[in-house]
Amino acid sequence: MDSRRALAVALSLLGFAFRLFALGLCTLTVVLCFNGFATMLGIVNFVVDLTRALPDIIAGYGLIPTPFGGVFRFDFAVVAAVCFFVDYLLGRISQTCLLYTSD
């Protein structure tokens, strides 16, 4: 396996990890829109830790109350969108690396 192919595989795996993280954040954002789901699932401490892990400039930004009694976390949605974009970029770079491999 040459170095370009190894780089393409590594970038694909990294992109997949970003995609999984983004999907998890999307799921968490939807769950938090409903009243009491976070408490019922026991993820309150996880949400607090995740909020602390975000950069200070975006952490807690855009907390929008929903008609379902929960809150829409705009900061989680923005981080998920950025992760999806990074996944897309890594996939494109990976395909470019595979395109220029010599067989």
Side-chain angles (χ1 to χ4, degrees):
M1 181 184 285
D2 63 350
S3 62
R4 284 188 188 264
R5 193 169 303 234
L7 178 64
V9 170
L11 289 176
S12 295
L13 289 175
L14 188 61
F16 185 70
F18 271 100
R19 187 178 315 143
L20 284 179
F21 183 69
L23 287 172
L25 276 177
C26 289
T27 304
L28 186 61
T29 302
V30 170
V31 165
L32 291 174
C33 285
F34 298 97
N35 186 19
F37 272 20
T39 306
M40 186 172 50
L41 295 174
I43 58 172
V44 174
N45 290 333
F46 176 71
V47 171
V48 170
D49 291 339
L50 191 58
T51 303
R52 288 181 184 157
L54 293 177
D56 289 336
I57 195 165
I58 195 169
Y61 177 75
L63 300 176
I64 304 167
T66 64
F68 308 111
V71 64
F72 177 75
R73 296 290 307 249
F74 187 70
D75 52 352
F76 287 179
V78 167
V79 171
V82 168
C83 287
F84 277 126
F85 182 69
V86 170
D87 168 44
Y88 171 76
L89 286 178
L90 290 173
R92 297 293 291 182
I93 294 169
S94 166
Q95 289 297 321
T96 304
C97 288
L98 284 177
L99 186 64
Y100 294 114
T101 59
S102 59
D103 290 327

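For clarity, every value in this text was computed on a predicted model and none was experimentally measured.
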Please tabulate, for side-chain N and O atoms in residues 20-33, each donor-acceptor pair with protein atoms closer than 3.5 Å (sequence neighbours left out).
| unit_1 | atom_1 | unit_2 | atom_2 | d |
| --- | --- | --- | --- | --- |
| Thr27 | OG1 | Leu23 | O | 2.9 |
| Thr29 | OG1 | Leu25 | O | 2.7 |

For residues 78-85, run the donor-acceptor check on the side chains, cut-off 3.5 Å, and write out each pair with its distance to 0.1 Å, sequence neighbours left out.
none

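- Sorted by first and then second residue, the salt bridge (charged side-chain N to carboxylate O under 4.0 Å, His left out) pairs involving residues 32-46 (not counting sequence neighbours) form an empty list.
- The list of salt bridge (charged side-chain N to carboxylate O under 4.0 Å, His left out) pairs with a residue in residues 26-48, not counting sequence neighbours, is empty.
- Residue pairs satisfying the salt bridge (charged side-chain N to carboxylate O under 4.0 Å, His left out) criterion with at least one member in residues 21-46, sequence neighbours excluded, are absent.
- Pairs of residues two or more places apart, or lying in two chains, that qualify as side chain to side chain donor-acceptor pair (under 3.5 Å) and include a residue from residues 84-94 are Ser12-Ser94, Arg19-Asp87.
- Between the CG atom in Leu14 and the CG atom in Leu89 there is a gap of 11.5 Å [rounded to 0.5 Å].
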Enumerate donor-acceptor pairs with a distance under 3.5 Å from any side-chain N or O in residues 57-64 to protein atoms, sequence neighbours excluded.
none

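- Residue pairs meeting the salt bridge (charged side-chain N to carboxylate O under 4.0 Å, His left out) criterion with at least one partner in residues 48-67, sequence neighbours excluded, are absent.
- Partners of Thr51 according to the side chain to side chain donor-acceptor pair (under 3.5 Å) rule, which considers only residues two or more places apart in sequence or in another chain, are Arg73.
- Hydrophobic clustering of Ile, Leu, Val, Met, Phe, Trp and Tyr side chains at less than 4.5 Å, counting indirect connections, keeps Val71 apart from Val44.
- With sequence neighbours left out, the ring pair (Phe, Tyr, Trp, His ring centres under 6.0 Å) criterion links Phe37 to Phe34.
- Under the side chain to side chain donor-acceptor pair (under 3.5 Å) criterion, no residue pair touches residues 37-47, with sequence neighbours excluded.
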